[in-house]
Structures are given as C-alpha cells and as structure tokens.
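As structure tokens, the structure follows; a few thoughts come after it.
Both counts, for ligands and for their atoms, begin at 1 and track the order of listing. The first residue in the sequence is number 1, and the count goes up from there.
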Amino acid sequence: MTDSRSHVIELNAIEFSWKAGIPVLDIPELTVFRGEKVFVRGPSGSGKTTLLGLLGGVITAERGQVKVLENDISRFSPVQRDLFRADHIGFIFQMFNLIPYLSVIENVTLPLSFAKQRKSNLASMADSEQDEARRLLRHLELDESLLHRPVTELSIGQQQRVAAARALIGKPDLIIADEPTSALDTDTREAFINLLFAECEAAGNTLLFVSHDQSLESLFDRSIVLNEINRASQPPSPASPTSKAIEVD
Ligand SMILES: Nc1ncnc2c1ncn2[C@@H]1O[C@H](COP(=O)(O)OP(=O)(O)OP(=O)(O)O)[C@@H](O)[C@H]1O
Ligand SMILES: [Mg+2]
C-alpha cells in the first residue's frame, strides 16, 4: 500500500564504513514521514550517531541513496550539504558543538546568520531573533542571568539546553537530536520534551530523537531499533561458520 504523506527521510540500500571493509551501517530501507516523532534506540556502538551524521550530510554514504525532504543529499557538493543542513535541519549533537567564545544568546541565534530559510521563517513570526532565543531558553528554564555569559561557563545540563534552543530557532523542517536529555534532571527533561513536541506540532515538523532513556519512548509516535534495521550491527546467525568457530563447551 502506498502512503500519501510526504517523505522527510528516505534511505535506500545505504552502506557506510568508517574503516574500509568494516561496515557500520548497512540499511536496506528507512522512511520517516512529515510530522512524525520518532524515537531511535539501539545499543552503544550500533551506529545511531553515524546514521544521524548521514542524514544531516555531515558524512556521506559509500552506496545508496539518502533523501531528505525529497532531495538526494548524497549528490550534493559539501557546500550544498552544509547550506541544506543549516536551512532545514536543527541538529542537537551528542557533544553539543557550541561555539566556546560566543555567549549563550549568540550561540542560539547563530544558525540564523547562515540559514536564509530559518531566518525568513522567524521574520514571518514577527519576533526579533533575540526575543525568540529568549523565549526558547525561558521555556527550557535557563536562568536569564546566563544569557550573556560565554557558554564555557555553563554546566553540561545548561549547555544542553542552549544546544536545544539553537536547534529549534527558526523552525527547521527536521529536528535531529542525539541523546539531547542525557545531562538533564527529570524536571528539565520534561520541560525539554514538552518544548520539543510543542515546537514540532505547531509547525508540523519532524523529529528524530536518539536516546537510551526508555522511559521517554512511549511519548513518541513510533520507534526505530537501529540494530534491527541495520544489517551491519546484527550478530551472525547461529548457523553461520563464524559463530561456530567461537563456540565453546
Ligand atoms: N569518527 C569515527 N571514526 C572512526 N570510527 C567511528 C567514528 N565514529 C564512530 N565510529 C565507530 O562506528 C561505530 C558506531 O558508532 P556510533 O557513534 O554511530 O554509535 P552509537 O550507536 O551512536 O553509540 P552510542 O550509543 O555510544 O552513542 C562504532 O564502532 C564506533 O567505534
Ligand atoms: Mg552516539
């Protein structure tokens, strides 16, 4: 049966290795529709961060097709991929990637300086960039007194909230979040998820959320279990010669 909803992500027969001959991702197929909130889980090392990097065009597949918002980004030049990501994807990286010499508020508004699409989304909402950054940070319960501090003076949990606000500003079509709540306490985690969902629902945007925290899973529309769809991370079947060779009595 075909589905009439538009595809935000479509992977076909992709393969990726960090080292030649040792595949990390081998995914026959993956589709995510517009507006879906998807929880991605899988054991450590199963390739979750690698998959997100591929979807954001930070790395490129050796084989197969990576379509984001109906564009085959594997055919883009590196510069085109960077511009596409800035315009359409709000990325919350596992390691935050905040700019250390900029203040909190400057980090949050930074994507707008090179993402025309997100800048114009914001302009149509009639808020100033600074006001929108403040609104997002307030919603994430980051103290006002921190807004003009360099991000290096913030705790890890505070930095995570700055990274979240930076990903959400200007309402990108797709939010990709890699372990975004690992450094937050239970209350802030809830405020964070509520903000993320409210922002996505208001704009009909799509969310891909990687986490080890299974208590969050039921809040999402569905889950992707990476080691189930990724043939590179599946253990060999019991009948295979490799597993026989390591069998012990
Ligand atoms: N930059 C890199 N260079 C070389 N190998 C890498 C690199 N990043 C990841 N890998 C390898 O690729 C595999 C998948 O790593 P990845 O970071 O995608 O896993 P993950 O599912 O995100 O794990 P975690 O839950 O611990 O974050 C691992 O075997 C890892 O060693
Ligand atoms: Mg990871």
Can you name the atoms of ligand 1, numbered from 1 with element, that are less than 4.0 Å from a heavy atom of [X]?
X: P43; answer: 21 (O)
X: T50; answer: 14 (C), 15 (O), 16 (P), 18 (O)
X: K48; answer: 18 (O), 19 (O), 20 (P), 21 (O), 22 (O), 23 (O), 24 (P), 25 (O)
X: S44; answer: 23 (O), 24 (P), 25 (O), 26 (O)
X: H212; answer: 25 (O)

Side-chain H-bond candidate by donor/acceptor type, [X] with [Y], under 3.5 Å:
X: T181; Y: Q160; value: no
X: N227; Y: S46; value: no
X: D87; Y: Q117; value: no
X: S182; Y: E179; value: no

query = N/O of E179 under 3.5 Å from N/O of ligand 1, yes or no?
reply = no
N/O separation below 3.5 Å, V24 to ligand 1 = no
Please write down residue, atom name and distance for the protein heavy atom closest to [atom].
atom: atom 17 (O) of ligand 1; result: T49 CB, 3.7 Å
atom: atom 23 (O) of ligand 1; result: G45 N, 2.8 Å
atom: atom 9 (C) of ligand 1; result: W18 NE1, 3.3 Å
atom: atom 27 (O) of ligand 1; result: Q94 NE2, 3.1 Å

key: atom 31 (O) of ligand 1 protein-contacted, heavy-atom criterion under 4.0 angstrom   = no
task = Output yes when a protein non-hydrogen atom is found under 4.0 Å of atom 13 (C) of ligand 1, and no otherwise.
result =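 Neighbour list for atom 13 (C) of ligand 1 includes protein heavy atoms (cut-off 4.0 Å).
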The Mg ion (ligand 2) neighbourhood, protein N/O/S only, threshold under 2.8 Å =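 Checking every protein N, O and S atom gives T49 OG1, Q94 OE1.
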request  = Let me see the working for R231 and E15 under salt bridge (Lys or Arg N to Asp or Glu O under 4.0 Å), right down to the final yes or no.
outcome  = CA-CA 10 Å; R231 294 192 296 208; E15 284 180 36; 5.7 Å; no
inquiry  = Would you say that Y101 contacts V151 through its side chain, given a criterion of any heavy-atom pair below 4.5 Å between the two side chains?
reply    =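 A side-chain contact under 4.5 Å is absent here.
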If you measure from the Lys or Arg side-chain nitrogens to the Asp or Glu carboxylate oxygens, is any gap between [X] and [Y] under 4.0 Å?
X: R189; Y: D213; answer: yes
X: E141; Y: R161; answer: no
X: E199; Y: R135; answer: yes

message = Tell me whether K37 forms a cation-pi arrangement with F197, defined as NZ or CZ under 6.0 Å from the six-membered ring centre and within 45 degrees of its axis.
response =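 Yes, a cation-pi geometry.
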ask   = With a 4.0 Å cut-off on heavy atoms, does G42 reach ligand 1?
value =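 No, that is not the case, since the closest heavy atom of the residue is not under 4.0 Å from the ligand.
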request  = Locate the shortest heavy-atom distance separating L54 from I59; write the atom from each residue and the value.
outcome  =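 Answer, listing the atom of L54 first, then I59: N-CG1, 3.6 Å.
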message = So does E70 get a backbone contact from the side chain of E10, meaning a donor-acceptor N/O pair under 3.5 Å?
response = no
ask   = Do other residues, nucleotides or ligands put more than 12 heavy atoms under 6.0 Å from E190 CD?
value = no
